[in-house]
Amino acid sequence: MHMSLDGFVAGPKGEMNWIKVDEPLFDFIAERISRCDTSMYGRVTYEMMEGYWPTAASKPNASKHDIEHSRWYGQVRKLVLSTTLKEADLKNTLVLNKDLANSVRAIKETPGSEILLFGSPSATHALMQLGLIDGYWIFVNPIILGEGIPLFADVKNQVKLQLQHTHSFASGVTELNYMVAG
């Protein structure tokens, strides 16, 4: 998830035009997600992804990143947290809308790789409150927004983290990878 230095994942109206992305960052992310077979989204982020990635590779000026991510997106199993989205005709997609805690726990116990949650601040907050996030993969952008949608909202209990990895990019973005400590 991209985050401003002061902890926001989007501006007050959901703006994300402040996020720095470039080829080295795309390549870094592509390598990591290539090992993942399940992605998770909130409904809003899922609908945004569905509106772009299924056809991104076929666009006339598709970048290397667009082609690679479009291919990955078409193959990965998608989980969507939503109380309004209907599951009919969604390719390789499971909508989780009832008993979120038990549904996610059951999926985590099935064979496969880690589940990566993309964007989706509301879904992230819900999973945090249920204690269902095992780690945080954060890209801190060199900007202070002052206000917006916070990454860590309504955190009720202290969560100890263990740093797994960091990576600095020439753009000023810093990747932080934490696992929740026992």
Side-chain angles (χ1 to χ4, degrees), residues 1-10 14 16 19 21 25-50 53 68-69 72-83 85 87 90 92-141 148-169 173-182:
M1 177 154 330
H2 286 273
M3 181 178 80
S4 65
L5 185 60
D6 54 345
F8 296 107
V9 295
M16 296 185 295
I19 294 173
V21 290
L25 183 61
F26 282 143
D27 290 345
F28 184 84
I29 292 169
E31 193 282 320
R32 169 85 187 273
I33 67 170
S34 69
R35 297 175 278 152
C36 173
D37 63 6
T38 305
S39 62
M40 182 181 282
Y41 310 92
R43 180 193 54 81
V44 173
T45 302
Y46 173 74
E47 288 175 345
M48 182 176 65
M49 298 295 187
E50 273 295 297
W53 290 116
E68 290 173 357
H69 196 77
W72 174 83
Y73 185 83
Q75 296 171 353
V76 70
R77 177 174 71 157
K78 292 170 264 309
L79 305 173
V80 183
L81 281 57
S82 175
T83 56
L85 187 66
E87 202 169 320
L90 299 178
N92 204 16
T93 301
L94 175 64
V95 177
L96 305 176
N97 56 15
K98 296 178 185 159
D99 195 6
L100 182 60
N102 285 326
S103 295
V104 172
R105 282 188 191 101
I107 291 166
K108 288 171 68 171
E109 291 176 6
T110 61
S113 69
E114 66 186 335
I115 301 167
L116 291 179
L117 174 62
F118 288 84
S120 310
S122 296
T124 302
H125 297 155
L127 293 170
M128 282 179 188
Q129 290 172 359
L130 293 170
L132 293 172
I133 295 183
D134 299 326
Y136 294 89
W137 191 30
I138 302 168
F139 293 88
V140 180
N141 283 251
I149 301 170
L151 175 55
F152 301 104
D154 298 323
V155 176
K156 306 269 189 267
N157 299 311
Q158 185 180 74
V159 178
K160 293 187 180 189
L161 305 173
Q162 188 171 39
L163 182 65
Q164 301 295 302
H165 185 266
T166 65
H167 186 90
S168 296
F169 297 89
V173 172
T174 300
E175 175 249 6
L176 302 172
N177 185 348
Y178 289 98
M179 293 300 294
V180 173

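Just so you know, these numbers come straight off a predicted model, no measurement behind them.
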So, taking the atom named [atom1] in [X] and the one named [atom2] in [Y], what distance separates them when rounded to the nearest 0.5 Å?
X	Y	atom1	atom2	value
I33	E31	CD1	CD	10.0 Å
I149	S122	CD1	OG	7.0 Å
R43	N97	CZ	CG	12.5 Å

Between E109 and R105, is the closest basic N to carboxylate O distance under 4.0 Å?
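Salt bridge: no.
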Go through it in stages, so that I can follow the logic: the residues are V76 and L116, the test is side-chain contact (heavy atoms from CB on, under 4.5 Å), and I'd like the CA-CA distance, side-chain angles, deciding distance and then a yes or no.
CA-CA 11 Å; V76 70; L116 291 179; over 6 Å; no
With sequence neighbours excluded, tell me which residues meet side-chain hydrogen bond (donor to acceptor under 3.5 Å, both in side chains) with [X].
X	answer
E50	Y73
T45	S120
N141	H2
N157	none

Using a 3.5 Å distance criterion without hydrogens, assess whether the side chain of S4 forms a donor-acceptor pair with backbone atoms of V140.
no
Side-chain donor/acceptor of Q164 to backbone N/O of Y178, under 3.5 Å
no
is_close_aromatic([X], [Y]), centroid dist under 6.0 Å:
X	Y	result
F152	F8	no
F26	W72	no
F118	Y41	yes

Find out whether [X] and [Y] are in side-chain contact, i.e. whether some heavy atom of one side chain is under 4.5 Å from a heavy atom of the other.
X	Y	result
D37	I115	no
L127	L81	yes
V80	T93	yes
L163	N177	no
H165	M179	no
V180	Y136	yes
T124	L151	yes

Mind jotting down which residue pairs meet the salt bridge (charged side-chain N to carboxylate O under 4.0 Å, His left out) criterion with at least one end in residues 73-83? Sequence neighbours excluded, please.
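Every candidate salt bridge (charged side-chain N to carboxylate O under 4.0 Å, His left out) pair involving residues 73-83 fails, so no pair, neighbours aside, qualifies.
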Just grab all the salt bridge (charged side-chain N to carboxylate O under 4.0 Å, His left out) pairs involving residues 117-140, residues at least two apart or on different chains.
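Listed by first then second residue: K108-D134.
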Hey, what's the ring geometry for F139 with F169, parallel, tilted or perpendicular (30° and 60° as the breaks)?
tilted
